[in-house]
There are 4 protein chains.
Amino acid sequence: MQASQDTKPRWERRKDARPQELLAAALHQFVERGYAATRLEDVARQAGVSKGTLYLYFTNKEELFKAVVRANIVATIGAAEQAAAAFDGASAELLATVLMTWWTEICATPLAGITKLMLAEGNNFPELAQFYNEEVVARGSSLITRILARGIERGEFRPLDTVVMTQVLVAPVMMLMMWTHSYMPTCDMPAIAPQAFMETFIATTLRGLKAD
Amino acid sequence: MQASQDTKPRWERRKDARPQELLAAALHQFVERGYAATRLEDVARQAGVSKGTLYLYFTNKEELFKAVVRANIVATIGAAEQAAAAFDGASAELLATVLMTWWTEICATPLAGITKLMLAEGNNFPELAQFYNEEVVARGSSLITRILARGIERGEFRPLDTVVMTQVLVAPVMMLMMWTHSYMPTCDMPAIAPQAFMETFIATTLRGLKAD
Amino acid sequence: MQASQDTKPRWERRKDARPQELLAAALHQFVERGYAATRLEDVARQAGVSKGTLYLYFTNKEELFKAVVRANIVATIGAAEQAAAAFDGASAELLATVLMTWWTEICATPLAGITKLMLAEGNNFPELAQFYNEEVVARGSSLITRILARGIERGEFRPLDTVVMTQVLVAPVMMLMMWTHSYMPTCDMPAIAPQAFMETFIATTLRGLKAD
Amino acid sequence: MQASQDTKPRWERRKDARPQELLAAALHQFVERGYAATRLEDVARQAGVSKGTLYLYFTNKEELFKAVVRANIVATIGAAEQAAAAFDGASAELLATVLMTWWTEICATPLAGITKLMLAEGNNFPELAQFYNEEVVARGSSLITRILARGIERGEFRPLDTVVMTQVLVAPVMMLMMWTHSYMPTCDMPAIAPQAFMETFIATTLRGLKAD
DNA sequence: AATGAATGAGGATTCATTCAT
DNA sequence: TATGAATGAATCCTCATTCAT
């Protein structure tokens, strides 16, 4: 319990790392199995602690899941919001940056599995769906919508319905995440190449948005 | 339960109708809840029978699910295969017909929920995934691939990699089904208009395929 | 099922034969699986009738079992009792005859499986055990006891405790039946030869009983 | 639940004792009811725990049964094997010791009920039958066969077929166990006296085996 | 803070028995 | 008589959650 300057005994450093380890294990299991099928015992085992310990840090399964989302996705969105607010250059560049950040930080990482999970199981867990909507979907969408508005306002983008355009931008990427985390890649169909998909998608979209 | 002029005793009409009623109820529940979360008791209740009755018609949950797929999706694919084999006109028309059939018979009906379910839970039920791959994905993909080859052979379509092109055709539609059956439509984001999506998609694609 | 010269219409002959067919099927299943593990549906199927039909002839599983015992074992005991009552010769011959009848009619037939079944499951079905005791064990034992008494009375057998001697006679044979119907014969141990066992057993016993 | 001087907290003592308590309860239930008819809930209740607790210690019913056999019968056989290997005296004495150990450790205890159970239900549970054959029947038989061979080799026993003789030795004892655990002892027939049976059996057999 | 033993509600499946036809 | 569809109680097993230590 006593604070100390880096000279902490190993078990204490351990204690500080615990939540991180638990969240990492939980992310892995949720992505691997889905929400309902994830057993907290497996999460605990993977983190090297007992099942009971999990409950010292997280009230229940639902809160554990929310914490995973907060620690990873929400944090990333927050950072993006701040970066966007501070950004001073061309809106096209800003948009490209935000989309590529989404790609590199989330889509191309195991975190994409969370998006797939929400699409897949959201109906069965309304509370989770609502949480995810508020903390992730709404904030993320709104960030993009605001960038679009900024571009239009500054005469960089053609005038268009920013909300609809946000959808047009968001949907394909979500679908790509879904796809890469379903069993489909395993099956006979030759794989979709996500990297190429994203690059083409962003390039095309920015061209289409350009004023004149 | 409704009276009818059928000469059979009500009891026997019942027996004939049972499998249909059970399959309908099962489809509804599977689409509503997903595979794992569907309780057979709920399926039975919705069909107006007891739990045990289900087992008179279907060996277990897995077979029930397969039966739902066979009775609906596989049957539709079979019909499409036959129609395609008998078709004599332009390949573009054939392709458009097959895609629109897919749309009207499956995507635009509750059956789309089955596709979503497989994408969502296929990883957790490998046996189901294999079945679905063989009976649905492989057959469906192969049908489209053959139509593309037919078009190229007849000089109607530009020469292209038919397998990759099949993916390009299939993936967006599967994604659309996924989307319409996730909780996302419920959320703040304005809905995607599937009908418009499909029409645009087909028109664009056919234009892109045309030779010259 | 085969035609015959019987004047009755086929379905009516069928009706008369039904109980026999059902009892035969039930015997087969009970011996094969044991009492608890026998499913009435299998009995019905083997007899070529529906499950419901079984209940037209037998109130329930228990009564079906009792009927099997009555139709086979009890009937045999009854015949033996009458034969014994009518018999006029040497007690040793009578005893040998009774034991050999037991052997040929029961031990060496599938009926031995019923004895095994009672030994194996009697504890779980007290009502059945009591029935079997009264109708089979008590009557059978008492028949042998009376033969022993007759032999002693007529000076043919040494005086001895007839009840204990009955046990000595009965137990090994029951054991033999048990043995031949357990899974043990399947296992590595070389098989016991029941025929030789019985012949030796009877010969030895009669020698041992002889007066002087 | 009883207080004790053990320094461990009651809770931990409990944990150590649990498997034993569960095995004891399981043995009791299996012997009482047979394998199929034993409900795991009853085992749990008798051990004073809930259904779920059982599954903390044993994967499923089958493994629970195997554990009962291992902890009791297999262990006893192992001890007998070692004792036999270390034994240095007359083969007749060794054989008598082994048979009497079998008697006192198993036949005369509730464990005999396991033998009865296997004879009674082995046919319905092939996996269990195989396990029991390998771990108990084969090892036990082989132990006796080796003792017979030792006696013959050392000129103590008449030359004879050791495998057949093993059967002659084993069968009656198994039958005795069967008998004492069937409902038969409850019935009208005067009881077999197992103790006397075994003593006579061993004495007679050893006499018969003696060379010259 | 950490443990891990214990719980018990919940769901898939089986089968003796009933009953409308 | 005969059918066979329907029932529902019974049982195995799982897993989120609790709590004594």
Side-chain angles (χ1 to χ4, degrees), chain A residues 1 11-12 14-16 18 36-45 48-62 64, chain B residues 8-16 18-19 36-44 47-62 64, chain C residues 11-12 14-16 18 36-45 48-62 64, chain D residues 8-19 36-44 47-62 64:
Chain A
M1 292 264 182
W11 65 265
E12 201 165 342
R14 197 62 192 268
K15 190 183 72 179
D16 294 347
R18 268 290 140 72
T38 286
R39 286 175 297 156
L40 292 197
E41 182 158 18
D42 288 343
V43 173
R45 189 188 351 271
V49 302
S50 75
K51 232 189 320 183
T53 303
L54 219 43
Y55 283 86
L56 295 177
Y57 294 92
F58 307 99
T59 312
N60 53 31
K61 198 181 187 178
E62 191 173 315
L64 174 62
Chain B
K8 290 183 185 178
R10 184 159 57 126
W11 171 75
E12 200 161 343
R13 264 181 288 120
R14 207 56 200 266
K15 178 202 152 190
D16 293 347
R18 267 293 133 73
T38 287
R39 287 177 298 154
L40 292 197
E41 185 158 16
D42 288 344
V43 174
V49 301
S50 76
K51 227 179 338 176
T53 302
L54 216 44
Y55 285 87
L56 294 178
Y57 295 92
F58 305 99
T59 310
N60 52 32
K61 197 179 187 177
E62 190 174 318
L64 175 62
Chain C
W11 65 265
E12 201 165 341
R14 197 63 193 267
K15 190 183 72 180
D16 294 348
R18 268 292 140 73
T38 287
R39 286 176 298 157
L40 292 198
E41 183 158 18
D42 288 343
V43 173
R45 189 189 351 272
V49 302
S50 74
K51 232 187 323 181
T53 303
L54 219 42
Y55 283 85
L56 294 176
Y57 293 93
F58 307 100
T59 313
N60 55 30
K61 198 179 186 178
E62 192 174 314
L64 175 61
Chain D
K8 289 183 186 178
R10 184 158 58 125
W11 169 74
E12 201 163 342
R13 264 181 286 119
R14 208 57 200 267
K15 178 202 152 190
D16 293 347
R18 266 290 134 73
T38 287
R39 285 177 301 154
L40 293 197
E41 186 159 13
D42 287 345
V43 173
V49 301
S50 76
K51 225 181 338 175
T53 302
L54 215 45
Y55 286 89
L56 294 178
Y57 296 92
F58 306 99
T59 311
N60 54 31
K61 197 180 188 179
E62 191 174 315
L64 175 62

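Just so we're on the same page: letters track the sequence lines, and every chain starts at 1.
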Next on the checklist: Under 4.0 Å, counting only non-hydrogen atoms across every strand here, what does A:Leu40 touch: a base, just sugar-phosphate, or nothing?
Outcome noted: sugar-phosphate

Checklist entry - Base, sugar-phosphate, or nothing for A:Thr38, non-hydrogen atoms under 4.0 angstrom? => result sugar-phosphate

Take atom [atom1] of [X] and atom [atom2] of [N], then tell me their distance rounded to the nearest Å.
| X | N | atom1 | atom2 | answer |
| --- | --- | --- | --- | --- |
| B:Arg39 | F:dT14 | CZ | C1' | 15 Å |
| A:Leu54 | F:dC19 | CG | P | 17 Å |
| C:Asp42 | E:dA16 | CG | P | 9 Å |
| B:Glu41 | F:dG8 | CD | P | 10 Å |
| A:Phe58 | F:dA16 | CZ | P | 16 Å |
| A:Arg45 | E:dA2 | CZ | P | 19 Å |
| B:Leu56 | E:dC15 | CG | P | 13 Å |
| D:Tyr55 | F:dA16 | OH | P | 17 Å |

Next on the checklist: According to side chain to side chain donor-acceptor pair (under 3.5 Å), who are the partners of C:Thr38, at least two apart in sequence or on a separate chain?
Outcome noted: none

Item to check | Test side chain to side chain donor-acceptor pair (under 3.5 Å) applied to D:Thr59 - qualifying residues, sequence neighbours left out | outcome: none

Of the options [options], whose atoms approach the side-chain atoms of [X] most closely?
| X | options | result |
| --- | --- | --- |
| D:Val49 | E:dA12, E:dT7, F:dT3 | E:dT7 |
| A:Lys51 | F:dA16, F:dG4, E:dT7 | F:dA16 |
| A:Lys61 | F:dA16, E:dG4, E:dA16 | F:dA16 |
| D:Tyr57 | E:dA5, F:dC15, F:dA5 | E:dA5 |

Checklist outcome for this item: Note, DNA chain E 5' to 3' with Watson-Crick or G-U pairs under 3.5 Å encoded as ( ), [ ], | and . gives .||||||||||||||||||||

Checklist entry - C:Arg45: what forms a side chain to side chain contact (heavy atoms under 4.5 Å, CB included) with it, not counting sequence neighbours? => result C:Glu41, C:Asp42

Item to check | side chain to side chain contact (heavy atoms under 4.5 Å, CB included) against C:Phe58, all qualifying residues, sequence neighbours excluded | outcome: C:Leu22, C:Leu23, C:Leu64, C:Ala67

Checklist entry - E:dT3 phosphate, OP1 or OP2: any side-chain N/O from A:Thr53 under 4.0 angstrom? => result yes

Checklist outcome for this item: Of B:Gly52 and C:Gly52, the one whose closest nucleotide on DNA chain F sits nearer the 5' end is C:Gly52

Item to check | Test salt bridge (charged side-chain N to carboxylate O under 4.0 Å, His left out) applied to A:Glu62 - qualifying residues, sequence neighbours left out | outcome: A:Lys66

Checklist outcome for this item: Of C:Asn60 and B:Asn60, the one whose closest nucleotide on DNA chain E sits nearer the 5' end is B:Asn60

Next on the checklist: Minimum heavy-atom separation for C:Lys61 and C:Leu40, please, with both atom names.
Outcome noted: CG-CD2, 3.8 Å

